[in-house]
Amino acid sequence: MRTPLALLVLSLCVIAGTWIWLGEPVPRARAPLDPAQKLECVSYTPFRGAQSPLDPSLHVPVQQIAQDLAQLAKVTNCIRTYSVDSGLDQVPGEAAKVGLKVIQGIWLGSNRFRNTLQIDTAVALAKRYPGTIEALVVGNEVLLRGEMTVADLVATIRYVKSRVENMPVTYADVWEFWLRNREIYNAVDFVTIHILPYWEDFPVRAKYAAGHVDQIRKRVAVAFPNKEILIGETGWPSAGRMRDGALPSLANQAFVVSQILALARAEKFRVNLIEAYDQPWKRQLEGTVGGYWGLFTNETRQPKYVAGRPITNHPMWKYQMGGGLAFCVLVYLVAFAALRRRPWRPRWPSWLFVAVSATVGGVLAGWGVEKVQIESFGIGGWVANSALLGAALLTTIFATMAMVTGRCLPPFVELLGPREDRTKSKTLRALGFALAVVVVLATETALGFVFDPRYRDFPFVALTIAAVPALLLMLLNGPSLSGRRPIAETTFAVLLALSVVYIGFNEGSANWQSLWTCGAYAALAFTLSLARVARTPKSSTQ
């Protein structure tokens, strides 16, 4: 009895210590929102919750816009908009009431009729609010999207300029497209470039992001020496998947934005941050990371950072630690309960299995819940992510019961094969089905990283929770390797193993989320490769 109790105390200490470490404030990060020093400008879109500009019937209520702008007027001098659709034509009027300047956007695309409506509305707003709208942005990344030719864009810019003679006009695009299409330079009054270190073809780490922004700005200034260079978009995401060494996180967002703002003040150039509020609708186009570029949360409209308050990447770490400790205790209780049904005392490897599985699950359970909340989009996303995490946690619990009672992972044929071959054990059936859910979803995500990886999140937490006890159970209580390899397990193992090779090469060695995920895939593949069709009679108990 002393050994399991000692291991339980050790597990609880490891879980608590890990979460205390994860919850530590990040020293270099400081709040980019300072009440004593307003932002130069910030991108603004008013959409909340399920609202989306992709919905043609949406018209944002003016009261919603007024609430936002009253809040933003406390932290910024200016806002940048991108369109006049979906009720955004109400923004200049409300901005005038709270003293905000507006860089008014005109959304251009391949539809000439809609382009004309955008232009006419924006020009009318510019004439109606000349003291509020300080510039017009004719098109946003339309060359990047390939929806207009350079000649058509230049002609459109000149046409807008002819209708608003006393107002500056520009075009906004990623910095590389300005350097590739220099003929736009003569059509605009100033150059508006987007520099997003995270989205570069070769992603830039957070600690180098501000330096990268400054380097690109100076490079563009050399190419276009006689006009102002406005950084029309720059920032960093607070959540989402890694790209090479570029890690989205709360601390990294605060660090990068603060560094860029300090640089802008020191070198006296204008910068517009992307963006004011998180925009969930962007996740439909850009994955999880697209929805987390805001300085304020979407639903609650609360600032992510408060001046003087420490910044941690896991604000709810105390609750996550509490949940992890509870799960750890549950796993040990399950082990003790299972032992009451057996006359023998388990060997020490059984308790070591319990300790490792409970500790891993306890450390990662709270993180898994956090990832489900952040990464789930739409009903399908919530179902898939919740199912993977739930199945992983159940795998730990049922694998613990199997381990202390001397049983092994059942092959899939004992779950779904001919009736006479199916296991009669309820515990093994539950374990098998839980692991089957994990394996199917793991294989689906692995193949997704092979064929469509750009916007996918790495499910390393849930996979690890399941992979560790499954692998240990197979190693410690596994079947004889002289048996026949089951087709299902072999197929999944091969798919996972081949995916690991490609994902590791494609994502690179700097991406620890990818490496961790590949490790979990490899553990599952190895576990499945050890499966054999049992040749001994099935147990008829439990």
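All values below were derived from every heavy atom in this structure, side-chain atoms included, with hydrogens, water molecules and symmetry-related copies excluded. None of the values given here were measured: they were computed from a predicted structure.
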Name all residues meeting the side-chain contact (heavy atoms from CB on, under 4.5 Å) criterion together with Ser509; count only those two or more places apart in sequence or in a different chain, and write none if there are none.
-> none
Given 3.5 Å as the limit, does a donor-acceptor pair link the side chain of [X] with the main chain of [Y], or not?
X	Y	value
Tyr521	Ala446	yes
Thr400	Thr396	yes
Asn252	Ala206	no
Lys38	Cys78	no
Ser238	Tyr292	yes
Tyr332	Leu7	yes

NZ or CZ of Arg80 within 45° of Tyr44 ring axis and under 6.0 Å = no
Is it the case that Arg217 places NZ or CZ above or below the six-membered ring of Phe269, under 6.0 angstrom from the centre and within 45 degrees of the axis?
->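 That pair qualifies as a cation-pi contact.
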Spatial distance of atom [atom1] ([X]) from atom [atom2] ([Y]) [nearest 0.5 Å]:
X	Y	atom1	atom2	answer
Glu233	Ile195	CD	CD1	11.0 Å
Trp293	Leu273	CH2	CG	11.0 Å
Leu473	Leu409	CG	CG	4.5 Å
Arg454	Arg241	CZ	CZ	9.0 Å
Ile15	Ile20	CD1	CD1	12.0 Å
Thr395	Leu431	OG1	CG	6.5 Å

Are [X] and [Y] close enough that some pair of their side-chain heavy atoms sits under 4.5 Å apart?
X	Y	value
Asp278	Phe296	no
Trp236	Pro197	yes
Ile503	Pro453	no
Leu295	Lys304	no
Leu524	Leu463	yes
Leu250	Pro315	yes
Leu69	Leu100	yes
Asp173	Glu141	yes

Thr300 and Thr297: side chain to side chain donor-acceptor pair (under 3.5 Å), yes or no, with the steps?
-> CA-CA 6 Å; Thr300 63; Thr297 59; 2.5 Å; yes
Near Arg145 CZ, under 6.0 Å, is it more than 12 heavy atoms from other residues, nucleotides or ligands?
->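 Correct, the count exceeds 12.
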CZ of Arg265: more than 12 outside heavy atoms within 6.0 angstrom?
-> yes
Heavy-atom closest contact ([X] atom, [Y] atom, distance):
X	Y	value
Ser43	Asn272	OG-ND2, 2.8 Å
Gly232	Thr192	CA-CG2, 3.5 Å
Ala392	Val438	N-CG2, 3.8 Å
Leu33	Ala307	O-CB, 3.8 Å
Ser83	Leu88	O-CB, 3.4 Å
Pro32	Leu39	O-CD2, 4.0 Å

Using 30° and 60° as the class limits, which term best fits the ring planes of Phe336 and Trp351: parallel, tilted or perpendicular?
-> tilted
Do the rings of His212 and Trp175 sit parallel, tilted or perpendicular, given the 30° and 60° boundaries?
->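 Geometry flag for Trp175 against His212: perpendicular rings.
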I would like to know whether Gln513 and Glu507 meet side chain to side chain donor-acceptor pair (under 3.5 Å); could you show each step before the answer?
-> CA-CA 9 Å; Gln513 290 184 347; Glu507 296 291 341; over 6 Å; no
Please report the C-alpha distance between Leu325 and Trp19 in whole Å, then the side-chain angles of each, then the deciding distance to 0.1 Å, and finally whether the side-chain contact (heavy atoms from CB on, under 4.5 Å) criterion is met.
-> CA-CA 10 Å; Leu325 294 173; Trp19 273 110; over 6 Å; no
Do Phe377 and Trp382 have ring centres separated by under 6.0 Å?
-> no
Sole candidate of Phe460, Trp317, Tyr319, Phe327 that passes ring-ring contact (aromatic ring centres under 6.0 Å, His included) when paired with Trp367 = Phe460
Are Gln71 and Tyr277 close enough, and set up right, to give a side chain to side chain donor-acceptor pair (under 3.5 Å), and what steps lead you there?
-> CA-CA 11 Å; Gln71 183 181 43; Tyr277 300 100; 2.6 Å; yes
Lys282 bridged to Glu275 by N-O distance under 4.0 Å | yes
Asp68 bridged to Arg48 by N-O distance under 4.0 Å = yes
